[in-house]
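Take a look at the structure set out below.
In what follows, residues are counted from 1 in the order of the sequence shown.
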Amino acid sequence: MFPQLGAVLALTGPEAPYARQLWHALALAVHDVPWPLAFRIEDDHATPARAREAAARLADNPRVVAAIGPMNSWTCEEAAAVFAEAGLPHITPSASNVALARRGWPTFFRACPNDTVQARALADVAARLAGATSVAAVDDLSNFAAPLGAEFLASCQTLGLASYGQHGVDHGSPGTTLALEALGRTLAEFQPDVVLIAGLEDACRASALTLRAHGVRGTFVGTDGIKPTRALWVDGHPAVWLTNSGTDAAERAPAFHDRMLARAGTHASIYTVETYDAALLLATLVAEGADTREAMAAALGSGRRFDGLSGNLAFDARGERLFADIGVYRDEGLGPRFVGTAASLVAA
């Protein structure tokens, strides 16, 4: 009987709009594979406990030889431990926390650059494109945003930029408004040239509006440059610089972008290309004989390059993606506009 593949997506909760796009990318991969391919898709609700449960359901199914996901760093941390114990290899398209690859899980692989790569790109944007001499970082205390903020400030310091520190706000607490007000007053006093605002979109939006309301005049920088919500843009203030660690399909894979538009009616290209590439890679390895979990893990860890829509997809000994770059975007009031990759802009 033909092996199955699994997927853990946040189909319920704040990440649901993007999870549905990843679901469509998986459907396109199934369509494009010229042999039977079945995906068992589990919903982790973007919560750690549900992610562990979803991973356990896949791990307990002996037909599932590999999986895609989870999407978020905090859910991936829980699911990856379950997958490792079961020997079930998985490729996350988007979980970028650096610590995930340092846990020694032989079953962990990721199709996006980690936060160190993105933080260095953000620091280059702050110093070389935004012309900053001083910076600060604001995060929502998630295990994606908080480490990214710390890495960003460390990278800025190596470039000689003064740091006004990292400021975390728990947006799920009753004191959120008071914490944001205090943060606004603090950064208005410091007036850093650039402020990184990192986290989920609602938290970033609340931080951006509060800082602007208190007179923070510096340039805002952030991530997920091709999300359509424009969380950091505030009328009457400097243009926003954004990075994106996923592949922009409109720029790099226009035919795929058109197919996603036709299928889903919209396409924000938030790690959909990485999801599609990962699905085709796993399907190809199954067709080549990697029909057990052990064989699949060995094939993924072999260093072999797969030519995907996102470029060369290959992993190092810790499961980190090789040959990845970061896209850079600028929003001057009409929405994010792609201006190049971090590597090309820094080289210029």
* Asked: Are side-chain heavy atoms of His171 and Asp202 found at a separation under 4.5 Å?
  -> no

* Between Leu26 and Ile68, is any pair of side-chain heavy atoms under 4.5 Å apart? -> yes

* Val98 reachable from Phe108 in the ILVMFWY side-chain graph, under 4.5 Å edges -> no

* **ILVMFWY network linking Val286 to Leu37, side-chain heavy atoms under 4.5 angstrom** => yes

* Got a salt bridge between Glu78 and Arg50, using NZ or NE/NH1/NH2 to carboxylate O under 4.0 Å? -> no

* **Donor-acceptor pair between Tyr276 and Ser310 side chains, under 3.5 angstrom** => no

* Do you see a donor-acceptor pair shorter than 3.5 Å between the side chains of Thr243 and Gln118? -> yes

* Asked: Cation over ring, Arg293 on Phe83, under 6.0 Å and within 45°?
  -> no

* **Check: Thr210/Glu181 side-chain N/O donor and acceptor closer than 3.5 Å** => no

* Asked: Hey, which of Leu242, Ile197, Leu148 is the one that makes side chain to side chain contact (heavy atoms under 4.5 Å, CB included) with Thr223?
  -> Leu148

* Asked: Closest heavy-atom contact between Asp140 and Ala145?
  -> OD1-CB, 3.3 Å

* Would you call Glu288-Arg304 a salt bridge at under 4.0 Å N-O? -> yes

* Would you call Val328 and Leu129 a side-chain contact if the rule is heavy atoms closer than 4.5 Å? -> yes

* Side-chain H-bond candidate by donor/acceptor type, Asp115 with Ser96, under 3.5 Å -> yes

* Asked: Going only through I, L, V, M, F, W and Y residues with side-chain contacts under 4.5 Å, is there a path from Leu58 to Leu22?
  -> no

* Ionic contact status for Asp248 with Arg252, cut-off 4.0 Å -> no

* To do: Please confirm whether His267 and Phe256 have ring centers closer than 6.0 angstrom.
  => yes

* Decide yes or no for Asn97 and Cys76: does some side-chain heavy atom of the first lie under 4.5 Å from some side-chain heavy atom of the second? => no

Enumerate, atom names and distances included, each donor-acceptor pair closer than 3.5 Å involving a side-chain atom of residues 333-342, sequence neighbours excluded.
unit_1: Thr341; atom_1: OG1; unit_2: Asp325; atom_2: OD2; d: 2.9
unit_1: Thr341; atom_1: OG1; unit_2: Ser344; atom_2: N; d: 3.3
unit_1: Thr341; atom_1: OG1; unit_2: Ser344; atom_2: OG; d: 3.0

* side chain to side chain donor-acceptor pair (under 3.5 Å) between Thr247 and Tyr271: does it pass, once the steps are laid out? -> CA-CA 7 Å; Thr247 301; Tyr271 301 105; over 6 Å; no

* Structure fact -> In this structure, CG of Leu232 is separated from CD of Glu201 (nearest 0.5 Å) by 10.0 Å

* Between atom CG of Leu187 and atom NE2 of His167, what is the distance when rounded to the nearest 0.5 Å? -> 4.5 Å

* Asked: Quick one: are Arg217 and Val195 in side-chain contact, heavy atoms under 4.5 Å?
  -> no

* So which heavy atom on Leu9 is nearest to which on Met71, and how close? -> CA-SD, 4.0 Å

* **Considering all heavy atoms, the nearest Arg20-Leu11 contact** => N-CD2, 4.1 Å

* To do: Kindly compute the distance separating SG (Cys112) from CD (Glu320), expressed to the nearest 0.5 Å.
  => 8.5 Å

* To the nearest 0.5 Å, what is the distance between OG1 (Thr272) and CZ (Arg259)? -> 12.0 Å

* To do: Would you mind reporting whether Asn244 and Ile326 have side-chain heavy atoms less than 4.5 Å apart?
  => no

* Asked: How far apart are the C-alpha atoms of Glu77 and Arg103, what are their side-chain angles, what is the distance that settles it, and do they pass the salt bridge (Lys or Arg N to Asp or Glu O under 4.0 Å) test?
  -> CA-CA 9 Å; Glu77 184 175 21; Arg103 297 290 295 272; 3.6 Å; yes

* Do the ring centers of His90 and Phe109 come within less than 6.0 Å of each other? -> no

* If we only count heavy atoms from C-beta on, is the Gln157 to Leu159 side-chain gap below 4.5 Å? -> no

* Indicate whether any N or O donor in one side chain lies under 3.5 Å from an N or O acceptor in the other, for Arg263 and His24. => yes

* Minimum heavy-atom distance between Pro93 and Pro70, given as atom pair plus value -> CD-O, 4.0 Å

* Asked: Yes or no on side-chain contact (heavy atoms from CB on, under 4.5 Å) for Arg40 and Val64, after CA distance, side-chain angles and deciding distance?
  -> CA-CA 8 Å; Arg40 289 181 56 88; Val64 176; 3.9 Å; yes

